[in-house]
Amino acid sequence: MSTVSTQNDKATHKTHQPLQIAKRLEKFQTTIFTQMSLLAIKHGAINLGQGFPNFDGPEFVKEAAIQAIRDGKNQYARGYGVPDLNIAIAERFKKDTGLVVDPEKEVTVTSGCTEAIAATVLGLINPGDEVILFAPFYDSYEATLSMAGAKVKSITLRPPNFAVPIEEFKSTISKNTRAILLNTPHNPTGKMFTREELDCIASLCIENDVLVFTDEVYDKLAFDMEHISLASLPGMFERTVTMNSLGKTFSLTGWKIGWAIAPPHLSWGVRQAHAYLTFSTAHPFQYAAAVALRAADSYYAELKRDYMAKKAILVEGLKAVGFKVFPSSGTYFVVVDHTPFGLENDIAFCEYLVKEVGVVAIPTSVFYLNPEEGKNLVRFTFCKDEQTIRSAVERMKQKLRK
Ligand code: GLN
């Protein structure tokens, strides 16, 4: 099982030169999100694959960006963030976690959470350092760790509830582990790490002197349980880099505003890597991000309500189509078992779905060190307007046969 066929294939490359790429990136394909979104366009399919809303972000945030551009905030921003955004991020973090952080020393603004992860990994991980991921994992983690020369280990979260296999975690983590990289609410499964799981992870990280990098970009899309930041557990702030972004919470994924919160001794590495990766992040959007983060509580409540309604439509629809649907407690994703429809693996199923049914989903095997582990699972997103979700379900009802 390799990759979905797209126009990006080597065979269609025009120059007839062999493609060149550094060894550290050799094993990675065109990202699955790019592949699937290209296929959606090519086949006129409904895109429930790549997680980007097909509706716009709030007017008051867009207006703030337009105003900032008009006000001439168009040259380089301060490297680690516009002062008021650093303050807004610290205020938000205090509201969410109770932790008080210094906006000047402990908050770094980055170009999306993906850059926060890259800056964290490149700034704090040495070649040969061992880092543990939980599979399935978001695709950029492994590629970024590979760019840093890290040794990647993974622990697989298995359906139906994707619980952390504690004994396996205990036997994987050791004094040789430099860091773990954890995502909650979890893309692609929608799993949220429970307090018990986080307590156990925390105590093992403290015992083995391990750093923790957390990707919490879906924290405001926590439906069935409370989101817990690992940094807020006793003894954890000093060893944790907490990362987040604006994109999911404000339906502005193209703005690429993210941040990393960490104690000064860890922020140093993150900031130095950030300084030499991008130097600074788009200036006018940072002003708008500060306005966004100070949104009234009602904004967040409404966002959650809207997404719960969308999720219900998709989940009921997928069940009616005949999938086995696994519970999703957070994020805007849901994972299903496609095997009732008889295709050999997730890639074959997604190819069939886009070409014959006209719907795009994401095959999950790319999110595992061992792709076999994901071959029965595909991911759908519900960050689309209700009509789009209903139309996709309708197409599947009509054309998918067991
Ligand atoms: N985070 C988005 C998803 O999981 C994809 C972003 C991207 O295309 N890199 O669908």
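We count ligands from 1, going down the list as the structure has it; atoms in each ligand are counted the same way.
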Between R158 and E373 (salt bridge meaning N to carboxylate O under 4.0 Å), is one present in this structure? yes
Polar side chain donor-acceptor pair, D346 to S365, under 3.5 angstrom: yes
Have Q50 and S37 got a donor and an acceptor in their side chains that come within less than 3.5 Å? yes
Applying salt bridge (Lys or Arg N to Asp or Glu O under 4.0 Å) as the test, list every pair that has at least one member in residues 188-203; sequence neighbours left out. K191-E197
Quick one, V291 with F60, criterion side chain to side chain contact (heavy atoms under 4.5 Å, CB included). Give me CA distance, side-chain angles, the key distance, then yes/no. CA-CA 8 Å; V291 170; F60 73 96; 3.9 Å; yes
Could you tell me whether a side-chain N or O of H274 sits under 3.5 Å from a main-chain N or O of V109, the two making a donor and an acceptor? yes
May I have the N/O to N/O pairs between ligand 1 and the protein that fall below 3.5 Å, each with atom names and distance to one decimal?
from, atom 1, to, atom 2, distance (Å)
ligand 1, 1 (N), Y138, OH, 3.4
ligand 1, 4 (O), N187, ND2, 2.9
ligand 1, 4 (O), R379, NH1, 2.9
ligand 1, 8 (O), Q50, NE2, 2.6
ligand 1, 9 (N), Y138, OH, 3.1
ligand 1, 10 (O), G51, N, 2.6
ligand 1, 10 (O), R379, NH2, 2.7

